[in-house]
Undergrad: 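Just passing along the structure, written as structure tokens.
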Amino acid sequence: MQPSSLSGLPAGVGEALEAEGVAELYPPQQAAVEAGVVDGDSLVAAVPTASGKTLIAELAMLSAIERGGTALYIVPLRALASEKKTEFERWEDHGITIGVSTGNYESDGEWLATRDIIVATSEKVDSLIRNGAPWIDDLTCVVSDEVHLVDDSHRGPTLEVTLAKLRKVNSGLQTVALSATVGNAGVIADWLNAELVESDWRPIDLRTGVHFGNAIDFDDGSKREVPVDRGEDQTARLVADALDTEEDGQGGSSLVFVNSRRNAESSARKLTDVTAPRLTGPERDDLRELAEEIRGVSDTDTSEDLADAVEQGSAFHHAGLASEHRSLVEDAFRARLIKCVSATPTLAAGVNTPARRVIVRDWRRYDGEFGGMKPLDVLEIHQMCGRAGRPGLDPYGEAVLLANDADTKEELFERYLWADAEPVRSKLAAEPALRTHVLATVASGFASTRDGLLSFLDNTLYATQTDDEGRLAAVTDTVLDYLAANDFVERERDAGAESLAATGIGHTVSRLYLDPMSAAEMIDGLRTVATGDAPSDVVDAGTGTSADTGEFIMTAENTDDDEPGFGTYVRADAENGDASGEAIDGEANADAEDGDETAAASSEVTPLGIYHLVSRTPDMYELYLKSGDRETYTELCYEREKEFLGDIPSEYEDVRFEDWLASLKTARLLEDWATEVDEDRMAERYGVGPGDIRGKVDTAEWLLRAAETLARDVEGVDGDTVVAVREARKRIEYGVREELLDLAGVRNVGRKRARRLFEAGVKTRADLREADKGTVLGALRGRERTAERILENAGREDPSMDDVRPDKSASAAATAGSASDEDGEGQASLGDFR
DNA sequence: TTCGGACACCTGTAGACAGCATGTC
DNA sequence: CTACAGGTGTCCGAA
């Protein structure tokens, strides 16, 4: 079947595809067409990676647009959104417009509503529905990429609920779901009421095998001799073998999958011995340039180590890297400049980075819940293997698993190579997932009664595949109790039917895209300030055990609302009530004017306190406590106990206290960021990479903004607290101490420049308008253009720097200032803000 | 005394979405 | 209840 023979596509599209080299549709694509994908019929395509799934989606979307509709393409990662956008942009010549919408990026210019194709992450789509984006109910075609991710316990439910909502709002919506080959694609098709196209067909041959001893045994029965000398590294030998086997005039690149960041880094370092000697002169030059670029991204050890490896043609890739690092590595690998990448599973699920040979070195990974090394899922291994073979570059792809002994070799064959991927199972019926989605579903009007809610949930994958009818309802009821107890939802039970409505704050929480539990925690903490009910005591270690105190501390609110089994945060800290009988109820502040000794202590809200509040929320990913950290942070906890909002769990309550300390570690990281501590210092102090730091800061910024909104909207939080939250947020946003906030707000002035200006005596935006130009120029290291732009942005009437000479002393002050700042950033100055 | 190698013990463990309003060195 | 690779420290013998 030729593209140009297809009807229903915009004019010229078929021909354009043929011009791209698509002379004939691949068998799965043809099957998709026969199943009606260009006629608006829904479809589930469960086919291997790189076998033309995207084209199936394009055919669906383009034909839908030709019929006058619009299409939405849902991706699981932000990075994939931009990848797909770039891919689809080739249709702009045919009058198709593309828009992207993700958390950190939105197509500029025209509004998304005018776009034919919108690419967005599943969370963003969910959020757009919650916020009532007008174009959502005009969609005629939705594509869900990597739909097998509904199996993911954290993010799967979002995709599931979002698809259900889209289908409810748009009757007759064409749903095209693209999936990896999974055990039960048929169930997904049933759920979506779609045709199923399932196939193992691949455009490039993929051979998978296991290496043990002196050869790779492939699953097709063939063998390739790759002898490993004694003492020689197995991985290195296989990478060398691929590089030394020329196809198409070039050696093949390799992708090595390992199970930890550290292993990725050390593997990359070791493999430089293989890659470095095989580089050509020009490659060496390009790599040196790339290494410089990498060093420029961040001055952490991670960045330096990466640059060192890249210089020699090898690289590592994991989530500790800054996103710029990652894309530099990915691009250079695709450009065949980097010969080998050692990666954690990030790369298997991420953007397209194919290699001639994929080496799966580690097939087990540590899992705390499991209690040891857990074998990876078949699906995960298949995804990794699927990265082998670059279309158009390699005549074939090879995926090799490594075994140390014959038994392991057998096991790998049976467990992975000959096995089908696991079935996908919905994870919707879990409290954290439903907490969020039940609230959103009620808040955005998809259900107004308990029955309506349950019948909406009946449209999810969970409902189509479960045997246990009652479970979803049971969890839903638990969650409703929680939401009602926290005043996010109002329920009225009259005449048998139970009606549901989101409260004002419930709507806000839903729109802010917060986990309701995060919101409850933040509201609770913020109210503590207003009531003067700050933690007065780091818990009554001696008075009463946590096990039994809960019984005699029943506050008014507890007796009313606190039913067992939910609402950990309603007033979960009963153990904090000690024999003194102090009023600990946050809500009961009507009678709290009788502020005792705690009132004075609580009047001061510090950034650390606020950072801890958002850090202990379930929306903030936890930082590990390493050995020695427990001690460090316990100490910090006592030192600064007055600053924390809400109660501190007892030290004897192991798990909760550990969690609390882990949040404290995050909070201190944020405080460091807001006190201008250098990135490399922070990386060292917290044992994280630049990517982690930026991730934390980013999440904190989001949560702090949400906290600010909540503080404003909710009753019982005073104005000073709102201001304190705003300031704490701004300090995270700019990464500066308080005194630089004004300066850093000026465009083109970041944390570094603000500090230099400040040390030179230019301390405010107003100073910028009045200050001696020589001083400004000196502080900015004589950069005239920069100085002019900054003065202009500060509102100065005559920003011109013509004939201005940089003031030497200003320059010296600026340098000395920032230098001493760095030096003085030891522990002594920690916590020194004002 | 110093150095290097073998070996025992210790340590630490993958990933990354959202809001909102514009711009870092 | 469960692992394991890499890094670090220790001990020994040789130079």
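Sequence lines set the chain letters: A, B, ... in the order given, protein chains first and strands last, and positions in each chain run from 1.
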Undergrad: Any side-chain N or O of A:Arg78 under 4.0 Å from OP1/OP2 of B:dC17?
TA: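 Yes, such a contact exists.
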Undergrad: Is A:Arg681 paired with A:Glu676 through a side-chain N to carboxylate O contact shorter than 4.0 Å?
TA: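 Salt bridge: no.
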Undergrad: Rounding to a whole Å, what distance do you find between A:Glu622:CD and B:dT13:C1'?
TA: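 So the CD-C1' distance, A:Glu622 to B:dT13, works out to 15 Å.
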Undergrad: Roughly how far apart, to the nearest Å, are C:dA5 and B:dA14 at atom P?
TA: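 So the two P atoms sit 15 Å from each other.
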Undergrad: What do the steps show when you test A:Arg731 against A:Glu727 for salt bridge (charged side-chain N to carboxylate O under 4.0 Å, His left out), and what is the final call?
TA: CA-CA 6 Å; A:Arg731 287 187 46 195; A:Glu727 186 162 298; 5.3 Å; no
Undergrad: Side-chain contact, heavy-atom cut-off 4.5 Å: A:Val125 with A:Lys165?
TA: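 A:Val125 vs A:Lys165: side chains apart.
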Undergrad: Could you say whether the aromatic ring of A:Trp702 and the base of B:dA18 stack, counting only centre distances under 5.5 Å and plane angles under 30°?
TA: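 The base of B:dA18 is stacked with A:Trp702 (centres under 5.5 Å, planes under 30°).
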Undergrad: Does A:Thr102 place a side-chain N or O at less than 4.0 Å from the phosphate oxygens OP1/OP2 of B:dC17?
TA: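 No.
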Undergrad: Send over the distance from A:Asp126 CG to B:dC17 C1', rounded to a whole Å.
TA: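 Whole-Å distance recorded here is 10 Å.
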Undergrad: Mind checking who B:dT22 pairs with, Watson-Crick or G-U wobble, both distances under 3.5 Å?
TA: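 Because no pair has both required distances under 3.5 Å, B:dT22 counts as unpaired.
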Undergrad: To the nearest Å, give me how far apart CG (A:Leu514) and P (B:dC20) are.
TA: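 My rounded result for the distance is 10 Å.
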Undergrad: Given that both pair distances must be under 3.5 Å and the pair must be Watson-Crick or G-U, what runs of three or more consecutive pairs involve DNA chain C?
TA: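 Correct response: B:1-13 with C:3-15.
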Undergrad: Does OP1 or OP2 of B:dG12 have a side-chain N or O of A:Arg365 closer than 4.0 Å?
TA: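 So the side-chain polar atoms of A:Arg365 never come under 4.0 Å of the phosphate oxygens OP1 or OP2 of B:dG12.
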Undergrad: As a test of reading the structure: which of B:dC17, B:dG15, B:dC25 is closest to the side chain of A:Thr344, going by heavy atoms?
TA: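 Shortest atom-to-atom distance from the side chain points to B:dG15.
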Undergrad: Which part of the nucleic acid, if any, lies within reach of A:Arg361 when heavy atoms closer than 4.0 Å are counted: base, sugar-phosphate only, or nothing?
TA: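 Sugar-phosphate: the residue A:Arg361, judged by heavy atoms under 4.0 Å, touches backbone atoms but no base.
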Undergrad: A:Tyr621 side chain: which of B:dG15, B:dT24, B:dA14 is closest?
TA: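 Selected nucleotide: B:dG15.
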Undergrad: Using OP1 and OP2 only, check whether a side-chain N or O of A:Lys626 sits under 4.0 Å from B:dT13.
TA: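 For A:Lys626, the contact criterion (side-chain N or O under 4.0 Å from OP1 or OP2 of B:dT13) is met.
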Undergrad: Can you identify which nucleotide, out of B:dA14, B:dA18, B:dA16, has its nearest atom closest to the A:Arg155 side chain?
TA: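 Of the options given, the side chain of A:Arg155 lies nearest B:dA16.
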Undergrad: Would you say the side-chain atoms of A:Asp152 pair up with the backbone N or O of A:His154, donor to acceptor, closer than 3.5 Å?
TA: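 Yes, A:Asp152 side chain to A:His154 backbone: donor-acceptor pair under 3.5 Å.
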Undergrad: Should A:Arg783 and A:Glu788 count as an ion pair when the cut-off is N to O under 4.0 Å?
TA: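 So A:Arg783 does not pair with A:Glu788 through a salt bridge.
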Undergrad: Please tell me whether A:Tyr73 and A:Asp145 have a donor and an acceptor in their side chains that are separated by less than 3.5 angstrom.
TA: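 There is such a pair (donor and acceptor under 3.5 Å, judged by atom type) between the side chains of A:Tyr73 and A:Asp145.
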Undergrad: Considering just the side-chain nitrogens and oxygens of A:Thr699, establish if one lies under 4.0 Å of OP1 or OP2 belonging to B:dA18.
TA: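 For A:Thr699, the contact criterion (side-chain N or O under 4.0 Å from OP1 or OP2 of B:dA18) is not met.
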Undergrad: What are the bounds, 5' to 3', of the part of DNA chain C that sits under 4.0 Å from heavy atoms of chain A?
TA: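 Range of nucleotides touched by chain A: C:dT2 to C:dG7.
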Undergrad: Look at the side chain of A:Tyr624 and the base of B:dG12, then say whether one donor and one acceptor between them are separated by less than 3.5 Å.
TA: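 There is none.
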Undergrad: Let me know the distance between NE2 of A:His318 and P of B:dA14, rounded to the nearest Å.
TA: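 Computing the A:His318:NE2 to B:dA14:P distance gives 9 Å.
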Undergrad: For A:Glu83, which residues count as a side chain to side chain donor-acceptor pair (under 3.5 Å) partner, sequence neighbours excluded?
TA: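 Residues passing side chain to side chain donor-acceptor pair (under 3.5 Å) with A:Glu83: none at all.
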Undergrad: Rounded to the nearest angstrom, tell me the gap between atom CG in A:Leu623 and atom P in B:dG15.
TA: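 Going from CG in A:Leu623 over to P in B:dG15 covers 13 Å.
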Undergrad: Do A:Asn263 and A:Arg361 have side chains that approach each other closer than 4.5 Å (heavy atoms only, starting at C-beta)?
TA: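 The answer is yes, as the side chains (C-beta and beyond) meet within the 4.5 Å cut-off.
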Undergrad: I want to check something: taking the side chain as every heavy atom from C-beta on, are A:Val228 and A:His211 in contact at a cut-off of under 4.5 Å?
TA: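 They are in contact (side-chain heavy atoms under 4.5 Å apart), so the answer is yes.
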Undergrad: Please determine, for B:dA16, whether a Watson-Crick or G-U wobble partner exists with both distances under 3.5 Å, and give it or none.
TA: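 Partner of B:dA16: none.
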Undergrad: Figure out the CE/C1' separation between A:Met373 and B:dT13, and round it to whole Å.
TA: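 For the pair A:Met373 CE and B:dT13 C1', the rounded distance is 8 Å.
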